[in-house]
**Student:** 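Shown below is the structure under consideration.
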Amino acid sequence: MAEARTSDILVIGSGAAGLTAALNLAERFKVTVLAKGGLNEGSTAWAQGGIAAVLEPGDTFESHVEDTMIAGAGLNDRATVEMVVENAPAAIDRLAKLGVPFNTEGNALHLTREGGHSHRRIVHVNDATGWAVQEALLKAARAHPNITLVPDMVVIDLATSRHEMRYSGAGNVWGVYAFNRATNRVELFTARATVLATGGAGRTYLFSTAPRGATGDGIAMAWRAGARISNMEFMQFHPTCLYNLEVKNFLITEAVRGEGGQLKNPNTGHRFMPEIDPRAELAPRDIVARAIDAEIKRFGLDYVHLDISHMGAEFVKHHFPTIHARLLDLDIDMTTEPIPVVPAQHYTCGGVVIDRDGRTDLPNLYAAGEVSQSGLHGANRLASNSLLECFVFGEAAANHITAHWSDLAPPPAIRPWDESRVTDSDEEVVIKQNWTEIRRFMWNYVGIVRTTKRLERAAHRIRTLREEVNDYYGHFRVTPDLIELRNLLESADLIVRSALHRKESRGLHYTLDYPETAPQAVDTVLVP
């Protein structure tokens with residue numbers, strides 16, 4: 001194993017949170033950014049909707065805070081919500097200066113509205129905001145002499161005090177061990193501070209809108225290193241993912257319902273949302289997802305229809321050019337016919353516990369974005385607050401590191417990765433089988449509607465698989481698939497344990513055994 005690659009600060013993840021942190025830190029420090037695959041393969045590039053901010057006359061910070069608290073079913077931390085909401089307009093301003101071409105009307109930003117918002121406050125770039133944001137951030141990062149971008153690095157574990165040449169129990173994080181896909185070797189990256197921006201754990205589910213790499217890596221690594229994890233039972237399911245077995249799960253943005261799209265039973269043509277909620281299709285996502293799930297189960301359907309064809313062809317093409325074009329490739333013309341949709345896992349509301357400076361429980365380790373549980377989302381994320389969280393907390397972590405730089409020690413000598421006792425695997429099929437099994441039982445037992453019995457079944461499966469995976473991990477050289485499987489199983493375990501712990505239904509956690517909401521809102525916190 002080569003010498004450790006050392007920089008001032010290490011950022012794990014090249015999406016909105018990671019690049020925001022890197023750009024803020026690079027004014028003063030040398031920053032290394034590790035990406036698991038390509039630099040633009042994270043969740044940010046897939047975000048269609050936009051970024052929520054108070055910009056419309058008559059809208060207020062208080063109103064955005066209230067909408068967020070209501071969506072989060074009272075579990076949010078109000079001070080965190082206020083901090084994020086109040087920092088939103090400045091974050092949008094900075095992105096515009098970086099060259100994000102937000103849609104405008106006259107000389108003002110064009111704002112759309114999404115479910116759960118009481119005002120139009122979503123700035124966007126057509127229906128592909130995330131892609132435009134990712135491009136702008138990457139362009140700025142590539143141009144910065146103090147930022148080194150390293151793609152194709154699959155991080156295995158945090159390097160902590162336990163890995164020091166002179167063993168220590170101090171719990172400091174000094175960097176990471178990462179598998180280099182180009183050389184098939186494990187490398188050590190060290191730094192005074194490490195920022196986790198690794199995204200969520202969506203691929204623990206069979207149907208998910210998350211990118212292929214969203215296997216809960218940062219959450220699992222932080223847990224193994226000794227950080228608390230919170231609220232993992234709150235998995236957000238997006239109500240409308242394209243039902244097409246040939247295609248990588250393609251999201252049909254919330255805005256289609258915001259602009260008049262209607263949900264109907266494909267057999268009868270009956271529009272069912274008005275009977276379930278007075279807000280009909282504009283009810284918060286958890287309500288819409290449960291309604292679709294119930295309709296599918298009640299009538300034995302594979303999907304329901306989302307229909308916006310009544311709004312007219314010009315309107316549809318103008319508002320949804322990307323989706324319209326993508327669906328035409330699949331022989332669906334959304335201007336004249338409905339779109340088949342199913343709910344799919346969409347966002348991980350829980351994660352590594354952080355404070356308002358992005359600090360985790362472990363010295364020198366920060367986290368931002370979907371990997372974290374900051375108190376912003378509570379029991380259910382409000383639409384378009386997620387990109388916003390990445391910018392605000394990416395910057396908050398950078399500011400805290402900068403302000404406390406003199407307190408951060410340079411990393412000590414860390415032991416190299418040891419693979420003296422392992423061999424190359426001849427059983428890749430084990431990984432594929434276990435991966436599929438996890439995603440299937442999580443979808444069936446830990447999905448939109450839960451019961452204690454189903455959760456206990458999932459927990460039992462996890463115990464069995466853990467023995468297999470640990471045995472495999474102990475005997476064979478690591479591969480990207482093995483690293484992901486290990487993290488996927490850890491994430492599944494954290495989700496199931498959290499869900500069994502919550503004896504109520506709140507926000508995204510809905511259980512038939514405890515349908516009522518408890519009077520007191522309490523976070524689920526798992527302590528390693």
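Counting from 1, the numbers follow the sequence of the chain as shown.
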**Student:** Is there a donor-acceptor pair under 3.5 Å between the side chain of Arg203 and the backbone N or O of Ala210?
**Tutor:**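 Between the backbone of Ala210 and the side chain of Arg203 there is a qualifying donor-acceptor contact (under 3.5 Å).
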**Student:** Hey, mind stepping through Leu306 and Leu263 against side chain to side chain contact (heavy atoms under 4.5 Å, CB included) and telling me if it holds?
**Tutor:** CA-CA 5 Å; Leu306 174 61; Leu263 289 164; 4.0 Å; yes
**Student:** Please give me the minimum heavy-atom distance between Thr322 and Ala128, naming the atom from each residue.
**Tutor:**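 Result for this residue pair: OG1-CB, 4.2 Å.
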**Student:** Might you work through the side chain to side chain contact (heavy atoms under 4.5 Å, CB included) test for Thr20 and Phe393, ending with a clear yes or no?
**Tutor:** CA-CA 9 Å; Thr20 299; Phe393 277 94; over 6 Å; no
**Student:** Out of curiosity, Leu137 CG to Thr44 OG1, how far, rounded to the nearest 0.5 Å?
**Tutor:**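 Spacing of CG (Leu137) from OG1 (Thr44) equals 8.0 Å.
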**Student:** Please determine, by modelled atom types, if His124 and Thr129 share a side-chain donor-acceptor pair under 3.5 angstrom.
**Tutor:**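 Result is no, nothing qualifies.
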**Student:** Can you confirm whether the side chains of Thr452 and Asp513 place a donor and an acceptor under 3.5 Å from each other?
**Tutor:**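 Side chains of Thr452 and Asp513: pair found under 3.5 Å.
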**Student:** Heavy atoms, side chains only, cut-off 4.5 Å: are Asp67 and Arg121 in contact?
**Tutor:**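 A side-chain contact under 4.5 Å exists here.
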**Student:** I'd like to check Thr209 versus Trp46 (side-chain heavy atoms, cut-off strictly below 4.5 Å). Are they in contact?
**Tutor:**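 Answer no - side chains too far apart.
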**Student:** So do the side chains of Glu370 and Ser386 get within less than 4.5 Å of each other, counting heavy atoms only?
**Tutor:**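 They are not in contact (no side-chain heavy atoms under 4.5 Å apart), so the answer is no.
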**Student:** Are Thr215 and Asn487 linked by a side-chain donor-acceptor pair shorter than 3.5 Å?
**Tutor:**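 No, no side-chain donor-acceptor pair sits under 3.5 Å.
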**Student:** Could you tell me whether the side chain of Thr204 and the main chain of Ala201 form a donor-acceptor pair under 3.5 Å?
**Tutor:**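 Answer holds: yes.
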**Student:** Test your reading of the model: is there a side-chain donor-acceptor pair from Arg502 to the backbone of Val522, 3.5 Å cut-off?
**Tutor:**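 Judged by distance alone, yes, a pair lies under 3.5 Å.
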**Student:** Could you check His377, Arg381, Gln345 and say which one makes a side chain to side chain contact (heavy atoms under 4.5 Å, CB included) with Gln236?
**Tutor:**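 That would be Arg381; it is the only one of His377, Arg381, Gln345 passing the side chain to side chain contact (heavy atoms under 4.5 Å, CB included) with Gln236.
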**Student:** Between His64 and Asn385, do the side chains contain an N or O donor and an N or O acceptor separated by less than 3.5 Å?
**Tutor:**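 There is such a pair (donor and acceptor under 3.5 Å, judged by atom type) between the side chains of His64 and Asn385.
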**Student:** Do Val449 and Asp293 come within less than 4.5 Å of each other through their side chains, counting heavy atoms only?
**Tutor:**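 Heavy-atom side-chain distance check passes, below 4.5 Å.
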**Student:** For the atom pair OG1 (Thr348) and CE (Met235), what is the distance rounded to the nearest 0.5 Å?
**Tutor:**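 Output value for this atom pair is 3.5 Å.
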**Student:** Is a donor from one side chain sitting under 3.5 angstrom from an acceptor on the other, for Asp307 and Ser309?
**Tutor:**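 Yes - a donor-acceptor pair under 3.5 Å links their side chains.
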**Student:** Take Ile51 and Phe391, measure what side chain to side chain contact (heavy atoms under 4.5 Å, CB included) needs, and give me the verdict at the end.
**Tutor:** CA-CA 10 Å; Ile51 307 159; Phe391 308 127; 3.7 Å; yes
**Student:** So Val304 and Asn265, do their side chains get closer than 4.5 Å, heavy atoms only?
**Tutor:**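 No. Closest side-chain heavy atoms not under 4.5 Å.
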**Student:** Whether the Glu275 and His270 side chains hold a donor-acceptor pair (N or O, under 3.5 Å, no angle test) is what I'd like checked.
**Tutor:**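 A pair is found: one side chain offers a donor N or O, the other an acceptor, under 3.5 Å apart.
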**Student:** Going by heavy atoms in the side chains, are Ile495 and Tyr205 under 4.5 Å from each other?
**Tutor:**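 A side-chain contact exists here, since the closest heavy-atom pair is under 4.5 Å.
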**Student:** For Arg257 and Glu281, indicate whether the former's side chain and the latter's backbone hold a donor-acceptor pair under 3.5 Å.
**Tutor:**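 At least one qualifying donor-acceptor pair exists.
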**Student:** Is Gln134 reaching over with its side chain to a backbone N or O of Ser14, donor-acceptor style, under 3.5 angstrom?
**Tutor:**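 Confirmed, Gln134 side chain pairs with Ser14 backbone.
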**Student:** Starting at OG1 of Thr80, measure out to CZ of Arg356 and round the result to the nearest 0.5 Å.
**Tutor:**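 Rounded to the nearest 0.5 Å, the OG1-CZ separation comes out at 4.5 Å.
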**Student:** Answer yes when Arg486 and Asp157 have at least one side-chain N-carboxylate O distance shorter than 4.0 Å, and no when they do not.
**Tutor:**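 So Arg486 pairs with Asp157 through a salt bridge.
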**Student:** At their closest point, which heavy atom of Ala283 faces which heavy atom of Val288, and how far apart are they?
**Tutor:**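 Residues Ala283 and Val288, closest heavy atoms: O-CG2, 3.4 Å.
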**Student:** Is it the case that the side chain of Arg228 and the backbone of Val525 share a donor-acceptor pair, with hydrogens and angles ignored and the cut-off at 3.5 Å?
**Tutor:**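 Between the backbone of Val525 and the side chain of Arg228 there is no qualifying donor-acceptor contact (under 3.5 Å).
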**Student:** Grab the two heavy atoms, one from Ile229 and one from Ile219, that are nearest each other, plus how far apart they are.
**Tutor:**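 Shortest heavy-atom contact: CD1-O, 3.7 Å.
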**Student:** Starting at CD1 of Ile252, measure out to CD1 of Ile308 and round the result to the nearest 0.5 Å.
**Tutor:**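 Here the interatomic distance stands at 11.0 Å.
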**Student:** Does a side-chain N-to-carboxylate-O contact under 4.0 Å join Glu484 and Lys36?
**Tutor:**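 Looking at Glu484 and Lys36, the cut-off is met.
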**Student:** Rounded at 0.5 Å granularity, tell me how far OG1 in Thr335 sits from CG in Leu328.
**Tutor:**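 If I round to the nearest 0.5 Å, the distance is 7.5 Å.
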**Student:** Would you say Phe272 has more than 12 foreign heavy atoms packed within less than 6.0 Å of its CZ?
**Tutor:**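 Buried by this count: over 12 neighbours within 6.0 Å.
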**Student:** Per the side chain to side chain contact (heavy atoms under 4.5 Å, CB included) rule, which among Val353, Leu196, Ile354 passes with Ser372?
**Tutor:**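 So, applying the side chain to side chain contact (heavy atoms under 4.5 Å, CB included) to Ser372 and each of Val353, Leu196, Ile354, only Ile354 qualifies.
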**Student:** So how far is it from Lys503 NZ to His509 NE2, rounded to the nearest 0.5 Å?
**Tutor:**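 The NZ atom of Lys503 sits 8.5 Å away from the NE2 atom of His509.
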**Student:** Does Asn76 use its side chain to pair, donor to acceptor, with the backbone of Val81 at less than 3.5 Å?
**Tutor:**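 Checking the backbone N and O of Val81 against the side chain of Asn76, no donor-acceptor pair under 3.5 Å is found.
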**Student:** Would you confirm whether Ser505, through its side chain, and Thr511, through its main-chain N or O, come within 3.5 Å as a donor-acceptor pair?
**Tutor:**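 Looks like yes, one N/O pair under 3.5 Å.
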**Student:** In this structure, is the centre-to-centre distance between the rings of Tyr473 and His475 below 6.0 Å?
**Tutor:**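 Between Tyr473 and His475, which both carry aromatic rings, the centre distance is not below 6.0 Å.
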**Student:** Run the side chain to side chain contact (heavy atoms under 4.5 Å, CB included) check on Tyr472 and Leu485 step by step: do they pass?
**Tutor:** CA-CA 11 Å; Tyr472 195 97; Leu485 176 66; over 6 Å; no
**Student:** Tell me the closest heavy-atom pair linking Tyr366 and Ala397, and the distance in Å.
**Tutor:**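 Of all heavy-atom pairs spanning Tyr366 and Ala397, the closest is CD2-CB, 4.0 Å.
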**Student:** Strictly below 4.0 Å, N to O, side chains only: are Glu41 and Arg212 in salt-bridge contact?
**Tutor:**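 No, no charged N to carboxylate O under 4.0 Å.
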**Student:** So with a 6.0 Å cut-off around NZ of Lys297, is the heavy-atom count from everything else above 12?
**Tutor:**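 Yes, NZ of Lys297 has more than 12 neighbouring heavy atoms, counting only those of other groups under 6.0 Å.
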**Student:** Has Thr360 got a side-chain atom pairing as donor or acceptor with Leu365's backbone, closer than 3.5 angstrom?
**Tutor:**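 Yes; at least one donor-acceptor contact below 3.5 Å.
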**Student:** Report yes if some heavy atom in the side chain of Phe234 is under 4.5 Å from a heavy atom in the side chain of Leu75; otherwise report no.
**Tutor:**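 Yes. Closest side-chain heavy atoms under 4.5 Å.
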**Student:** Could Arg113 and Glu254 be called an ion pair, given the rule that one side-chain N must be under 4.0 Å from one carboxylate O?
**Tutor:**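 No, no charged N to carboxylate O under 4.0 Å.
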**Student:** Any idea which heavy atoms bring Ala225 and Thr160 closest together, and the distance?
**Tutor:**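 Shortest heavy-atom separation between Ala225 and Thr160 comes out as CB-CG2, 4.0 Å.
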**Student:** Please tell me if the side chains of Leu242 and Leu327 come closer than 4.5 Å, counting only heavy atoms from C-beta onward.
**Tutor:**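 The answer is yes; the side chains approach within 4.5 Å.
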**Student:** Output yes when Arg466 and Glu490 qualify as a salt bridge under the 4.0 Å nitrogen-oxygen rule, no when they do not.
**Tutor:**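 Salt bridge between Arg466 and Glu490, a charged N being under 4.0 Å from a carboxylate O: yes.
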**Student:** Verify the neighbour count for atom CZ of Arg477: are there more than 12 heavy atoms of other residues, nucleotides or ligands below 6.0 Å?
**Tutor:**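 Enclosed.
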**Student:** Do any N or O atoms from the side chain of Ser230 and from the backbone of Thr524 form a donor-acceptor pair under 3.5 angstrom?
**Tutor:**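 Yes, because the side chain of Ser230 sits within donor-acceptor range (under 3.5 Å) of the backbone of Thr524.
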**Student:** Specify the closest pair of heavy atoms between Ile438 and Ala492, including all atoms of both residues, with the distance to one decimal.
**Tutor:**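 Smallest interatomic distance, heavy atoms only, reads CG2-CB, 4.2 Å.
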